[in-house]
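Data first, discussion second: the structure below is written as structure tokens.
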Amino acid sequence: VFLCEIQTPDDAMGGIYNTLTQRRGMVIGEEPVAGTPLVVVKAYLPVAESFGFTQHLRQTTSGRAFPQCVFDHWDTLGTDPMVEGTKAFTVVEAIRKRKGLKPGVPALDNFL
């Protein structure tokens, strides 16, 4: 999971929340920058959902949000990647497709 610090004017907050919600992000804090109309938003963003995040965020905020993401901690999805229809299965399938691998999680026999 990435820790993202996003610096933006306070009137662009709607686009930030919209983008984070679409990508399973979770806002953990907002801090106004003293003497400026800027706000620093801190949020957790799953790594699997982070590809294209900066471009999408800039698009939804008209280029007024500036994110910085750094790895923070590991977390599980909480669902079984072997069960079709779960979020873990969807993430595994998307990653395998992006890497050019065959669809479906291979059986353990393939590795023994």
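- Take Ile28 and apply the side-chain contact (heavy atoms from CB on, under 4.5 Å) test, not counting sequence neighbours, and it matches Leu3, Met26, Lys42, Tyr44.
- Pairing each heavy atom of Thr19 with each of His56, the nearest pair is CG2-ND1, 3.3 Å.
- Under the 4.5 Å side-chain heavy-atom criterion for ILVMFWY residues, a single connected hydrophobic cluster contains both Trp74 and Val47.
- The two residues Val27 and Ala43 come nearest to each other via the heavy atoms CA-CB, 3.9 Å.
- Judged as a side chain to side chain donor-acceptor pair (under 3.5 Å), and not counting sequence neighbours, Asp72 has no contacts.
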Show which side-chain atoms of residues 100-112 pair as donor or acceptor with protein atoms under 3.5 Å away, not counting sequence neighbours.
none

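- Cation-pi check for Arg98 over Phe51 is met; the charged atom lies under 6.0 angstrom from the ring centroid and within 45 degrees of its normal.
- A donor-acceptor contact shorter than 3.5 Å links the side chain of Thr90 to the backbone of Thr86.
- Partners of Asp10 according to the salt bridge (charged side-chain N to carboxylate O under 4.0 Å, His left out) rule, which considers only residues two or more places apart in sequence or in another chain, do not exist here.
- In terms of the side-chain contact (heavy atoms from CB on, under 4.5 Å) criterion, residue partners of Gln7 (sequence neighbours excluded) are, by chain and number, Val33, Leu38, Val40.
- The shortest non-hydrogen separation linking Ile6 to Ala65 is CG2-CB, 3.9 Å.
- Counting heavy atoms from C-beta outward, Asp11 and Arg64 have side chains that approach closer than 4.5 Å.
- The heavy-atom pair separating Ala48 from Val91 by the smallest distance is CB-CG1, 3.8 Å.
- The same ILVMFWY cluster, assembled from side-chain heavy atoms under 4.5 Å apart, contains both Val1 and Val70.
- The two residues Cys69 and Cys4 have their closest heavy-atom pair at SG-SG, 2.5 Å.
- Residue Gln68 places its CD atom among 12 or fewer non-hydrogen atoms of other residues, nucleotides or ligands, all under 6.0 Å distant.
- Phe89 shares a hydrophobic cluster with no other residue; no ILVMFWY side chain has heavy atoms under 4.5 Å from its own.
- Taking CZ from Arg58 and CZ from Phe53, the interatomic distance works out to 10.5 Å, rounded to the nearest 0.5 Å.
- Distance alone, capped at 3.5 Å, places no donor-acceptor pair between the Arg24 side chain and the Leu45 backbone.
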_Worked verdict on Phe66 versus Leu57 for side chain to side chain contact (heavy atoms under 4.5 Å, CB included)_ = CA-CA 8 Å; Phe66 302 96; Leu57 184 65; over 6 Å; no
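- Note: the hydrophobic cluster containing Tyr17 also contains Leu20 (ILVMFWY, side chain heavy atoms under 4.5 Å, direct or indirect links).
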